[in-house]
Amino acid sequence: MSKQTIDFIGIGAPKSGSTWIGKCLEDHPDILFSSQKSRKEIFFFTDTHNWVEQSEQLGRLTYYHRGFDWYLDQFPAYEEGKVRGEFTTAYLADKKAPERIKKHLPNVKLLVTLRNPVEMIYSLHWYLYNGAFTNLDPDFKVTLEKGLLTDKGYYAANLKRYFEHFDKNKIKIILFDDINKDAAQVIKEIYNFLGVDDTFAPNHLNVRVNEAFTTRSKGIKKLVHNSIKLIDKMHMEKLRLKLIESHKLQKVYATLNKTPAKYPKITNEIRKLGYEVFKEDIAELEELLGRDLSIWNPNKNLK
């Protein structure tokens with residue numbers, strides 16, 4: 001373990017248990033997690049252009065231009081015998097992230113959380129729709145038909161880029177289904193993979209985190225979104241990043257315009273439409289992982 005390295009990175013997918021895993025990583029006395037100093041998601045290795053190649057609605061975020069020393073400064077100070085890491089869910093689908101991570105951290109361990117891609121994108125759609133930084137259509141079918149967000153659900157294609165740069169024994173795959181089935185076993189395996197005491201019981205083991213929310217006022221949401229859009233048109237990137245980085249502003253917006261709420265229940269029709277988009281990639285993923293994923297097939301598992 002070196003002072004000038006990071007030991008592990010969670011790379012995605014979004015809405016697949018990463019926040020819960022992050023909390024359990026924070027709990028462990030031998031893990032120095034980025035959120036203990038800055039934030040869970042650092043967005044260092046992402047590529048700016050990859051965020052906007054499909055739609056300006058999806059925004060963009062990267063700090064790679066700030067340099068690797070800046071990246072290291074986002075973590076708690078090095079301590080002998082402890083491991084350091086972060087979890088940025090955008091890395092998995094980002095086309096440049098694998099080679100950038102390999103360049104700076106050739107021996108890093110990678111955590112990957114995967115959820116039924118239709119459920120993942122459905123959840124991500126509503127999360128982004130209710131946020132202020134994007135302008136998605138409220139109809140999930142539109143998001144699906146336009147191919148927005150779908151790049152994040154092509155797990156096999158995304159993982160292949162990482163397998164080109166890292167040995168498979170450096171990559172730990174976690175299925176959301178397994179977290180729901182036996183959370184204690186999953187976190188034990190993660191601790192073991194990271195080389196820390198796997199008998200430790202985290203405080204957040206049975207705690208639900210990252211609950212769903214909705215917006216109180218569409219007017220406030222639109223005002224914030226249009227302000228950011230104006231900043232983008234004026235190419236004021238530094239100001240945009242400051243707004244995104246400001247925890248105080250995020251808390252103010254959350255207090256004013258966010259309220260806990262359940263997302264609309266996903267329908268069987270949506271499950272079938274989404275499965276047609278991802279079924280070939282899911283078949284490839286089954287081969288890559290050597291695991292049966294028929295549980296994701298709505299034609300076999302409709303209740």
Side-chain angles (χ1 to χ4, degrees), residues 1-2 5-42 75-76 78-92 101 105-117 119-120 123 155-156 158-159 162-163 166-211 282 285-296 301:
M1 300 177 190
S2 167
T5 194
I6 298 303
D7 303 289
F8 70 89
I9 298 176
I11 60 175
K15 313 306 290 182
S16 301
S18 68
T19 300
W20 172 78
I21 290 174
K23 291 296 182 182
C24 291
L25 295 175
E26 276 185 12
D27 288 342
H28 201 291
D30 294 329
I31 295 177
L32 301 171
F33 200 53
S34 59
S35 59
Q36 293 165 336
K37 182 178 181 182
S38 57
R39 59 186 66 81
K40 166 180 166 273
E41 300 195 80
I42 300 179
F75 297 86
Y78 168 84
E79 292 183 40
E80 185 69 36
K82 297 188 177 183
V83 299
R84 294 190 295 175
E86 61 136 326
F87 210 126
T88 300
T89 59
Y91 292 157
L92 180 59
I101 294 173
L105 300 168
N107 298 310
V108 74
K109 293 180 179 179
L110 302 174
L111 297 172
V112 186
T113 59
L114 302 179
R115 179 182 184 181
N116 179 327
E119 293 180 357
M120 181 274 290
S123 180
Y155 300 144
N158 293 332
L159 280 173
Y162 279 91
F163 289 157
F166 296 92
D167 292 335
K168 287 188 178 182
N169 62 5
K170 290 284 188 179
I171 304 176
K172 173 66 176 174
I173 309 291
I174 305 121
L175 295 188
F176 189 75
D177 306 272
D178 291 339
I179 295 175
N180 287 331
K181 183 179 179 181
D182 193 343
Q185 180 60 31
V186 168
I187 206 64
K188 179 182 178 68
E189 291 178 4
I190 292 174
Y191 287 160
N192 182 269
F193 175 71
L194 298 179
V196 297
D197 180 11
D198 64 5
T199 65
F200 176 78
N203 295 331
H204 287 85
L205 181 62
N206 298 308
V207 178
R208 287 181 62 85
V209 294
N210 204 17
E211 297 285 356
I282 291 172
L285 184 64
E286 288 181 315
E287 290 193 22
L288 280 178
L289 304 185
R291 180 159 179 175
D292 177 17
L293 298 174
S294 59
I295 190 174
W296 292 354
N301 297 286

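This structure is a prediction, so every number in the text was calculated from the model and none was measured.
Between Pro106 and Phe166, the shortest heavy-atom contact is O-CE2, 4.0 Å. Closest heavy-atom contact between Trp296 and Asp177: NE1-OD2, 3.1 Å. Minimum heavy-atom separation, Ala13 to Tyr155: CB-CE2, 3.7 Å. Minimum heavy-atom separation, Tyr78 to Arg84: N-NH1, 3.7 Å. Across Leu194 and Val83, no two heavy atoms sit closer than the pair O-CG1, 3.9 Å. Taking all atoms of both residues into account, the shortest heavy-atom contact from Leu285 to Leu293 is CD2-CD1, 3.5 Å.
Looking only at distances, no side-chain donor or acceptor of Asp198 sits under 3.5 Å from a matching main-chain atom of Tyr191. Using modelled atom types, one side-chain atom of Asp197 and one backbone atom of Thr199 make a donor-acceptor pair closer than 3.5 Å. Side-chain atoms of Ser294 do not come within 3.5 Å of backbone N or O of Asp292 as any donor-acceptor pair. Side-chain N or O atoms of Lys82 include one that pairs as donor or acceptor with a backbone N or O of Pro29 at under 3.5 Å. With hydrogens and angles disregarded, a donor-acceptor distance shorter than 3.5 Å links the side chain of Thr88 to the backbone of Ile42. Without hydrogens or angle criteria, Ser18 side chain to Gly12 main chain gives no donor-acceptor distance under 3.5 Å. A donor-acceptor pair under 3.5 Å is absent between the side-chain atoms of Lys172 and the main chain of Phe193, judged by distance alone.
Looking at heavy atoms from C-beta onward, Leu25 lies out of side-chain contact with Asp27 at the 4.5 angstrom threshold. Looking at Leu114 and Ser16, their side chains never come closer than 4.5 Å, going by heavy atoms from C-beta outward. Asn158 is not listed as a side-chain neighbour of Ile11, based on a closest heavy-atom distance of 4.5 Å or more. Residues His28 and Pro202 have side chains not in contact (no heavy-atom distance under 4.5 Å, counting atoms from C-beta outward). Counting heavy atoms from C-beta on, the side chains of Ile171 and Phe163 come closer than 4.5 Å.
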Working note: Val112 + Leu92, criterion side-chain contact (heavy atoms from CB on, under 4.5 Å); need CA distance, chi angles, decisive distance, verdict. CA-CA 8 Å; Val112 186; Leu92 180 59; 4.3 Å; yes
Could you walk me through whether Ile190 and Ile21 pass the side-chain contact (heavy atoms from CB on, under 4.5 Å) check? CA-CA 9 Å; Ile190 292 174; Ile21 290 174; 4.0 Å; yes
Go through the steps for Ile179 and Lys181 under the test side-chain contact (heavy atoms from CB on, under 4.5 Å), then give the verdict. CA-CA 5 Å; Ile179 295 175; Lys181 183 179 179 181; over 6 Å; no
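Within the cation-pi definition used here (under 6.0 Å to the ring centroid, within 45° of the axis), Lys40 does not qualify as a partner of Phe33.
Taking CD from Glu86 and CG from Asp7, the interatomic distance works out to 12.0 Å, rounded to the nearest 0.5 Å. Rounding to the nearest 0.5 Å places CG of Leu110 at 6.5 Å from CD1 of Ile9. Ile173 contributes atom CD1, which lies 9.5 Å from atom CG of Leu111 (distance to the nearest 0.5 angstrom). Note: Gln185 CD to Asp178 CG = 9.5 Å, rounded to the nearest 0.5 Å. Here the straight-line distance linking atom CZ of Phe176 with atom CD of Glu119 works out to 7.5 Å at 0.5 Å rounding. How far CZ of Phe87 is from CD of Glu41: 8.5 Å, rounded to the nearest 0.5 Å.
Gln36 and Ser34 are not linked by any side-chain donor-acceptor pair at a separation below 3.5 angstrom, with hydrogens and angles left out of the test.
Heavy-atom contacts from other residues, nucleotides or ligands closer than 6.0 Å to NZ of Lys23 number 12 or fewer.
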